[in-house]
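Report on the structure given below.
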Number of protein chains: 2
Amino acid sequence: MVTLAEVAQHAGVSASTVSYVLSGKRSISGATRQRVEQSIRELGYHPNAGARALASSKSNIIALMVPLRTDMYVPVMMEIAIAVATTARLHGYDVLLLTGEEGPDAVRRVTGSGLADAMILMDVELADERLPLLRGTDQPSVLIGLPADTTGLTCVDLDFGATGALCVEHLAKLGHQDIAVIGEAPAVYERHTGFAERTLDGLRSRARELGLRVLHRPCEGGYDAMTMTLARIFDERPGTTGFVVQNESAVEPLLALLRQQGRAVPEDVSVVAVCPDQVATQASVRLTSVAIPAQEMGRYAVEHLVAKLDGRGSDEVVLISPELTVRASTGPAPSAS
Amino acid sequence: MVTLAEVAQHAGVSASTVSYVLSGKRSISGATRQRVEQSIRELGYHPNAGARALASSKSNIIALMVPLRTDMYVPVMMEIAIAVATTARLHGYDVLLLTGEEGPDAVRRVTGSGLADAMILMDVELADERLPLLRGTDQPSVLIGLPADTTGLTCVDLDFGATGALCVEHLAKLGHQDIAVIGEAPAVYERHTGFAERTLDGLRSRARELGLRVLHRPCEGGYDAMTMTLARIFDERPGTTGFVVQNESAVEPLLALLRQQGRAVPEDVSVVAVCPDQVATQASVRLTSVAIPAQEMGRYAVEHLVAKLDGRGSDEVVLISPELTVRASTGPAPSAS
DNA sequence: AGAAAGTGTCGAAGCGCTTCGACAACCTAT
DNA sequence: ATAGGTTGTCGAAGCGCTTCGACACTTTCT
């Protein structure tokens, strides 16, 4: 292993000079800098991460806590994780992957050991146990998701309230009166992950303003669950013509079942999904959808963290405005045509 | 930040004693151990990761390199990543998430800086640029995937050759004569990621032995691509009754199109998929499939790495035997019934 | 011309931990 | 009782880096 001292010797300068060449924290003459850089290249020198962390008390690592369960929005999570890793590298940081499994202990461990300089938390629950710990440390953090109390925290998320409203507005404009909402799995609601409830709230209140009727049913993904859910919906509200789907793994089953029942999309019923664009464009009917801006959130989280670590930036809650893309799954309500 | 020295003082022992309590590398009397542990708890002590890494030249971090592109098997990757992170924690390691973006440089950086003690590489190409570097370092590594030359490397993967053979055997047993293989996107083949080719080879050679006809067509995911591909297949081989699908995002489109064309599954055509069980069970027809043992591979990779780091374990190539689960998408060939 | 300010470099201290050798204190076996 | 072995603890060195203050030298201003 090549050390700083060896580089220094090779270049005929002191160790501190090499260090300053590397960090740029003091001015170095062009000649010296070149000599040092040359030696670094020749010897194939890489600074030792541990020594660096010890001396500077900065690890240049950002911890990313992902949910353990893979029962929901897996592609979204992956996209965020990759955006985080890529953006972090751009700023000279590496990413430590933590699963939610350890819970609050992971936060303690990471902040206590100086393993990471900052944290990004995904899958935040409304009253998350990790939040008090984050507030009690001076280590910067960003939540992807929105807890009930955001004081002292920085959060990014899609504005799910507006998303719900946007979906219902679109359907209202097309003349639909009876809307069914295919929600996430019941477990998601029990866990009080905020986004599902926020979508629903936004959707309901806008529907009330517009005078639409809304029926909400949670739904596990897959065909069997969807079959049951759909049957119940048409049983209770036979006149349903608009669907809002928030569960990726319910999208395809819903389309298949509707088709099977002879209900044409979009002629008889319209479907709006909240899902990544990829899912929307690859479905059997190209779906009118509100995209989940996974990459944007990941990138923002890292950039905000880096700003904070540089002494810039402050706590804030950023809600990304939803954008609805009209595709082939929505059309005028049958009675309106 | 609480340090070892503070703990030592609080417990009335020397720093080295505390260190030995923590590591268990020397025997400590029960009384002392308890006093130290008590102090650790009271002060909320966490060893500093950087200092530890510097002094011991071990970071207790395993690097995981995931592919940057999210165009294929995303859920599989996520499952592996989570299994890796979880298993690693069980053994006292953390996981550093690297994207393939940096390529070979990432390997250099990580091994050079002592950031991680070991590496796991996913999405290995047949002649991967990173392999020479791995062979040239004494840092343990495990590949998930199988390159062309495995000398001096440890690899885990599903036995894709056997997987292909297994699929075709199953269809042969049911009397199918004409098999179509819906492969991965052309890009996957161009990239020479081994698994796609190995599946095909295994499948073809077994088909030859059994006297079946095989038509292979790569296919991007999604409906549009699938429509084209399927049209070509029935155009060239109208008698096709058996399908093997290796592209997750082609599964649902295929089923929908077959249905649409009035070809019943499994009465008219049979479909075997190579995909995670979750995809197989949630599809519109419960799919006969060979599972991709994502968790098992992730777990194995970590455990092998830990063994190597402990001085046990050696280089080896582990090919996991495929298991075919019969579900509702395969049945006797029409002419055979 | 001399003081003040800036430049470029170095030496040394120290970050918090691990680990080695040393050494008391205590057992055993002769 | 004494040599030899254990056992439990300590002190000190050192891992490779950053960073502070010091210092020589050059430039600029009055």
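It should be emphasised that the depicted structure is a prediction, and the values quoted were computed from it without experimental measurement.
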If you compare every side-chain N and O of [X] against the phosphate oxygens of [N] (OP1, OP2), does one of them come in below 4.0 Å?
{"X": "S14(B)", "N": "dC10(D)", "result": "yes"}
{"X": "S19(A)", "N": "dT18(D)", "result": "yes"}
{"X": "S16(A)", "N": "dC10(C)", "result": "no"}

Under 4.0 Å, heavy atoms only, any strand: does [X] hit a base, just the sugar-phosphate, or nothing?
{"X": "S29(B)", "value": "sugar-phosphate"}
{"X": "L54(B)", "value": "base"}
{"X": "T3(A)", "value": "sugar-phosphate"}
{"X": "I28(B)", "value": "sugar-phosphate"}

Could you check how far [atom1] of [X] sits from [atom2] of [N], rounded to whole Å?
{"X": "L22(B)", "N": "dT19(C)", "atom1": "CG", "atom2": "P", "answer": "12 Å"}
{"X": "R52(A)", "N": "dC15(D)", "atom1": "CZ", "atom2": "P", "answer": "19 Å"}
{"X": "N48(A)", "N": "dC15(C)", "atom1": "CG", "atom2": "P", "answer": "18 Å"}
{"X": "M1(B)", "N": "dG14(C)", "atom1": "CE", "atom2": "C1'", "answer": "18 Å"}
{"X": "L4(A)", "N": "dG11(C)", "atom1": "CG", "atom2": "P", "answer": "14 Å"}
{"X": "K25(A)", "N": "dC17(D)", "atom1": "NZ", "atom2": "P", "answer": "15 Å"}
{"X": "R35(B)", "N": "dT9(D)", "atom1": "CZ", "atom2": "P", "answer": "8 Å"}

Between R135(A) and D149(A), does at least one N-O distance fall below 4.0 Å, as a salt bridge requires? yes
Salt bridge or not between R109(B) and E102(B)? Use side-chain N to carboxylate O under 4.0 Å. yes
Can you establish whether the number of heavy atoms outside E125(A) located under 6.0 Å from its atom CD is more than 12? yes
How about K308(A) and T154(A): does a side-chain donor come under 3.5 Å of a side-chain acceptor? yes
Verify whether one side chain among E42(B) and Q38(B) offers a donor that lies under 3.5 Å from an acceptor in the other. yes
Looking only at side-chain atoms of V13(B), point me to the closest of dC17(C), dC17(D), dC10(D). dC10(D)
Would you state whether a donor and an acceptor, one from the side chain of [X] and one from the base of [N], lie under 3.5 Å apart?
{"X": "R26(A)", "N": "dT9(C)", "answer": "yes"}
{"X": "Y20(B)", "N": "dC17(C)", "answer": "no"}
{"X": "S27(B)", "N": "dG8(D)", "answer": "no"}

